[in-house]
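The model shown is predicted, which means the values in this text are computed figures rather than measured ones. Lettering follows sequence order; numbering is per chain, from 1.
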Number of protein chains: 2
Amino acid sequence: MDVSCEFFEGTEKLLEVWFGNEDSYRECDLRKIPRSAWESILELVKCEIISFKKNDSIDAYVLSMFISKNRFILKTCGSTTLLRCIEPLLYVAKEIGGFDEVLDVFYSRKNFIRPQLQDKPHSAFEDEVEVLENFFEGAAYCMGRVNRDCWYLFTLNPIMPAKLIETPDQTLELIMQNLDPKVMKIFTREVCATAKEATVKSGIDKILSNVTIDDYLFKPCGYSMNGIMKGGYYMTIHVTPEAHCSYVSFETNFPQDGYHDLVMRLLKIFKPGKFMMTIFANENSIASESLQDYRNLTFYGYSSKELQICHFKNYDLTYGLFAKAPS
Amino acid sequence: MDVSCEFFEGTEKLLEVWFGNEDSYRECDLRKIPRSAWESILELVKCEIISFKKNDSIDAYVLSMFISKNRFILKTCGSTTLLRCIEPLLYVAKEIGGFDEVLDVFYSRKNFIRPQLQDKPHSAFEDEVEVLENFFEGAAYCMGRVNRDCWYLFTLNPIMPAKLIETPDQTLELIMQNLDPKVMKIFTREVCATAKEATVKSGIDKILSNVTIDDYLFKPCGYSMNGIMKGGYYMTIHVTPEAHCSYVSFETNFPQDGYHDLVMRLLKIFKPGKFMMTIFANENSIASESLQDYRNLTFYGYSSKELQICHFKNYDLTYGLFAKAPS
């Protein structure tokens, strides 16, 4: 990665799968799956494990992969081939994890900056959907502008009665672009000698409290971190600092009544020129009520370019695109 | 049209364009454009005028075309080539109508049942968008499931400050499919000798009051009607009664505080197996407030499959897909 010239696709592909079992799934657990099995799967995806931390409820790997009892999350950037993990994932989840059902699936990503650099099927969402439909009967959506900035989603959203995820669940994702070059400098070896230094200097360590942090600073630049909390909560940040393709993503399932304050903290840290926000909340989530009125979603210093709300079977999704207001 | 065998694409393409003028547009009027000019334009679209009615504020043509002082609406079904009207429309709107600005554009349609039967660029939305982008800087959206029932929209939704439509404006559209065959029979020459008979027998004459109706019953079947009201309000219904491809659309700009009762009247008349509903309302519309809470949008006997809300610069759009609840 050359800071000045080379292009890097920071835009991640994100897959989240919830598993269940026809009977009870007391004995089932995805964490029974050994690291060697994950390594084989990730080889197909063209990425690898560079660090690992765990607590009672969650195993967290950098790249970013989070394994809980019945929830699998994988987030990969660049030209990785994420969807190739599905077949072996379903296999090990059944054979080792003991799960015979998929309760829900969320595959999502922003439109790529350079889709032509992606391997099949990732260069076009319709091709990705075709692959996903081989495994799941699901629904595909495009939020935002089909012909500009947009965000793709494939999820089960079952039409027929189905088992739903009853655990309160919510996910906030912020995809930031055109970031402040001074802030981006922090995530280079030029400025910081260690990942920990970048984490503290940027203020990432203060975003949420009681977080066990696993951070990694790439050479010559680039940054990834996983944070895990009690109760199966996680946060993860990935930074592509190069000025011509700067990209930062933040994601957490940490429950909040409303996400305004957390988003404002992130905007103060990263100072993006524009950002995309998605919030999922199911009916049992404490985030659910405050999201009903999207007119509340205003962020000081930014103006809203797009706002959409989708009501799915078990989840409400809020999508917004914001850009720095002219000062 | 053979009632039993031949396929007919009832799905309409719908274009609405609002015009303005740099200075005042007191003297400008689209109704100065002579019928012969419209006929030439419609020839390019592959459709024709079969009937005409007017009042003080609106000229209404069957097919469906509604011309007001500064608003143009054209709705065509089958394999018509609607987008070919844009270039000549902009020309006559300027040269004869006196308008030099486009205030807003709405091009929309449901996904076609058989897109392969459409002429270019209508077989794919991305091709339609390409054509539209030659004339307008706009935004393209897909509501609903990209891989199933969905509804496409192209509109200006300007990112930069722009003149907006200040007149209160709202549009309800209902696209109904899998309709009750007994109801559909009304719209055949077998059951009704005249259009008026079909209008009364079905109850279409009772949907809204004080409407001047212009109705047409095709041979052997099929039905179109325009209704015009004081104040530039219109309604229009198109019926494709063939059992294997039954399709009915209803559209009106008649203002309502909430559209629940009007939609229930339509569902009682047509008894669709499923329907798609879109409601546009700008900030000055009386419909605006009641649409904020989409959880109010429930219709007895139907369950909601999809619900989405989009907040555009000057309009809120509500999209819903509903299907008959199992009895």
Side-chain angles (χ1 to χ4, degrees), chain A residues 124-133 136-161 274 283 288-289 291-298 303-313 315-323 325-326, chain B residues 124-133 136-161 274 283 288-289 291-298 303-313 315-323 325-326:
Chain A
F125 182 57
E126 56 189 292
D127 296 336
E128 293 177 315
V129 170
E130 214 180 295
V131 169
L132 285 155
E133 284 184 318
F136 313 110
E137 194 171 318
Y141 300 90
C142 177
M143 311 298 288
R145 301 183 175 210
V146 180
N147 57 340
R148 292 280 186 289
D149 280 314
C150 65
W151 185 80
Y152 298 109
L153 171 70
F154 179 93
T155 183
L156 294 194
N157 194 20
I159 286 180
M160 303 305 288
K274 66 175 183 177
E283 279 171 33
S288 174
E289 196 55 37
L291 290 174
Q292 294 307 335
D293 195 348
Y294 59 85
R295 290 171 298 182
N296 295 335
L297 295 169
T298 53
S303 65
S304 148
K305 298 298 172 192
E306 301 276 347
L307 266 178
Q308 287 177 244
I309 296 185
C310 283
H311 180 63
F312 297 137
K313 194 85 183 176
Y315 280 86
D316 277 348
L317 165 66
T318 304
Y319 166 90
L321 180 71
F322 301 85
Chain B
F125 182 57
E126 56 190 290
D127 296 336
E128 294 176 314
V129 170
E130 215 180 294
V131 169
L132 286 155
E133 283 183 318
F136 313 110
E137 195 170 316
Y141 300 90
C142 177
M143 311 297 288
R145 302 182 174 210
V146 180
N147 58 341
R148 294 278 187 290
D149 280 314
C150 65
W151 186 80
Y152 299 109
L153 171 69
F154 180 94
T155 184
L156 294 195
N157 195 20
I159 286 180
M160 303 306 287
K274 67 175 181 177
E283 278 170 33
S288 173
E289 196 53 38
L291 290 173
Q292 295 305 336
D293 195 347
Y294 60 85
R295 289 172 298 183
N296 294 335
L297 294 169
T298 53
S303 65
S304 149
K305 298 299 172 191
E306 301 276 346
L307 266 178
Q308 287 177 244
I309 296 185
C310 283
H311 180 63
F312 297 137
K313 196 83 181 176
Y315 280 86
D316 277 348
L317 165 66
T318 303
Y319 166 90
L321 180 72
F322 301 85

Proximity breakdown for Glu130(A) and chain B, heavy-atom pairs closer than 4.5 Å: neither

Pairs of heavy atoms under 4.5 Å with chain A: top-ranked of Leu317(B), Asn157(B), Val129(B): Asn157(B)

Heavy atoms from other residues, nucleotides or ligands near CD of Glu133(B) exceed 12 (cutoff 6.0 Å): yes

Atom pair NE2 (His311(A)) and NZ (Lys305(B)), whose distance is rounded to the nearest 0.5 Å: 11.5 Å

ring-ring contact (aromatic ring centres under 6.0 Å, His included) against Tyr319(A), all qualifying residues, sequence neighbours excluded: none

Sorted by number, residues from residues 137-147 of chain B in contact with chain A (heavy atoms, under 4.5 Å): Gly138(B), Ala139(B), Ala140(B), Tyr141(B), Cys142(B), Met143(B), Gly144(B), Arg145(B), Val146(B), Asn147(B)

